[in-house]
Amino acid sequence: MPELPEVETIARGLRRSLVGRTIVGGVCYCPKIVADNENRWLAAVTDKKLKGVRRRGKNLLLDLTGGLTLWVHLKMTGHLYLRTGDDPVEPHDRLIFYFRDHSDQLRFHDMRRFGRVRLFSTADVMNQRGLCDLGPDALEIGPKDFAALFAAHARLIKPALLDQRFLAGLGNIYADESLFSARIHPRRLTHSLSAAKISRLHEAIGEILQEAIGKMGTSVDNYAGVDGRPGGYQSYLRVYGRVGLDCPRCGGRIKRERIGSRSAHYCPRCQRLC
DNA sequence: TGATGTGTTCTGCT
DNA sequence: AAGCAGAACACATC
């Protein structure tokens with residue numbers, strides 16, 4: 001499940017491999033993914049050059065010449081990767097862009113078809129729901145704004161961290177890992193945390209996201225970068241997916257519990273409620 | 001065969 | 001108003 005570090009890794013891969021290149025066409029095998037008039041849409045990006053790639057939370061914005069921006073959300077099982085014209089189309093490839101001068105292709109692959117690739121004018125794209133209502137980016141927010149954000153809301157911290165309107169970029173993996181690192185119980189209320197805990201959580205989120213980006217993301221459910229290489233952070237996970245194993249910090253037993261209708265992994269011994 | 005998990009949006013409730 | 005619960009989406013995996 002791509003979260004901020006995986007999306008950032010993809011953004012960097014695209015910047016390295018495709019910025020400056022011109023799209024000469026495309027094909028869509030799944031109208032739902034483009035959520036629009038597929039033919040008009042693909043025709044509109046033909047002969048446009050990829051100018052740059054931006055990331056907002058878990059969203060990717062591919063800025064094209066002609067004042068156009070492709071908005072990509074990978075949701076749970078979306079992938080973006082490079083192939084050549086010699087590579088056979090794979091079963092869940094949903095959308096393929098062709099590039100000039102090479103046989104290179106950018107493919108959007110999505111087993112479960114929750115992902116979206118949509119085209120907007122660059123001026124308009126940030127007004128769309130899902131972008132205009134994003135909270136501050138988890139990697140960019142400063143300590144003071146972070147503390148103010150938590151003080152301003154009274155809600156369970158785990159669902160808050162997953163709410164992209166509250167803070168943008170974390171998903172289940174990094175939310176659980178960050179709470180573990182800061183020794184905060186996932187049921188704590190946002191406004192009830194001490195200044196020291198808030199500060200520690202802010203640091204933990206920054207450290208964990210940066211470290212995960214350094215490892216090119218976490219590969220669970222087949223995540224891989226645009227070059228097809230899996231990430232390496234899965235070896236460093238301390239609570240996510242480790243139910244019943246020993247806590248690496250205190251030796252307690254890691255628990256999984258439904259909190260806010262999502263699974264939360266934590267150590268009940270070193271992440272206390274009070 | 002059927003339950004599960006996953007991100008987001010939507011609806012409806014308190 | 002704010003936050004929460006549950007449903008819906010789609011499908012491989014167990």
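Chain A is the first sequence line, chain B the second, and so forth, proteins listed ahead of strands; every chain is numbered from 1.
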Item checked: Pair A:Lys215 + A:Glu211, salt bridge at N-O below 4.0 Å -> no
Problem - SB check A:Asp93 A:Arg107 (cutoff 4.0 Å) - result: yes
Looking only at B:dT8, B:dT9, B:dG5, the nucleotide nearest the A:Arg258 side chain is B:dG5
Per atom distances to the A:Met111 side chain, the nearest of C:dC11, B:dT8, C:dC9 is C:dC11
Report yes if the distance between the aromatic ring centroids of A:Phe150 and A:His191 is under 6.0 Å, otherwise no. no
*asked:* Categorize A:Ser263 for me: base, sugar-phosphate, or nothing, with a 4.0 angstrom heavy-atom threshold over every strand shown.
replied: sugar-phosphate
N/O (side chain, A:Arg256) to phosphate O (OP1/OP2, B:dG5) under 4.0 Å:
yes
(message) Measuring only between side-chain heavy atoms, which start at C-beta, is A:Leu61 closer than 4.5 Å to A:Val53?
(response) no
Taken to the nearest whole Å, CG/A:Asp163 to C1'/C:dC4 is 11 Å
Rounded to whole Å, the CZ-C1' distance (A:Phe114 to C:dC11) equals 8 Å
Whole-Å distance, A:Arg94 CZ to C:dC11 C1', equals 10 Å
_Looking at A:Lys58, I'd like to know whether one of its side-chain N or O atoms comes within less than 4.0 Å of OP1 or OP2 on B:dT8._
yes
Rounded to whole Å, the CG-P distance (A:Leu74 to B:dT6) equals 17 Å
Q) Centres of the A:Phe108 and A:His79 rings: under 6.0 Å? A) no
message: Can you confirm if the NZ or CZ of A:Arg155 lies within 45° of the ring axis of A:Phe166 and under 6.0 Å from the centre of its six-membered ring?
response: yes
Numerically ordered, the residues 146-155 of chain A set in heavy-atom contact under 4.0 Å with DNA chain C is A:His153, A:Ala154, A:Arg155
Looking only at B:dT6, B:dT8, C:dC4, the nucleotide nearest the A:Tyr240 side chain is B:dT6
Rounded to whole Å, CG of A:Leu189 lies from P of C:dA2 at a distance of 17 Å
By nearest-nucleotide position on DNA chain B, the 5'-leaning member of A:Leu131 and A:Thr77 is A:Thr77
Sorted by chain and number, sequence neighbours left out, side-chain contact (heavy atoms from CB on, under 4.5 Å) with A:Thr84 holds for A:Asp86, A:Asp87, A:Ser103, A:Asp104
Does C:dA12 have OP1 or OP2 sitting under 4.0 Å from an N or O in the side chain of A:His92? yes
Regarding the side chain of A:Arg129, the nearest nucleotide among B:dT8, B:dC10, B:dT6 is B:dC10
Whole-Å distance, A:Ile33 CD1 to C:dC9 P, equals 15 Å
| said: Does A:Asn172 reach a base, just sugar-phosphate, or nothing at all? Heavy atoms under 4.0 Å. | reply: sugar-phosphate
Is any side-chain nitrogen or oxygen of A:Ser261 closer than 4.0 Å to OP1 or OP2 of C:dC4? no
Atom CZ of A:Arg113 and atom C1' of B:dT9 are separated, to the nearest Å, by 20 Å
Among C:dC4, B:dT6, B:dT8, the one nearest any side-chain atom of A:His73 is B:dT8
Rounded to whole Å, the CG-P distance (A:Leu162 to B:dT6) equals 10 Å
- Query: Centre of A:Tyr81's six-membered ring, under 6.0 Å away, within 45 degrees of the axis: is that where NZ or CZ of A:Arg83 sits?
  - Reply: yes
Just N and O in the side chain of A:Arg165: are any of them under 4.0 Å from OP1 or OP2 of B:dT9?
no
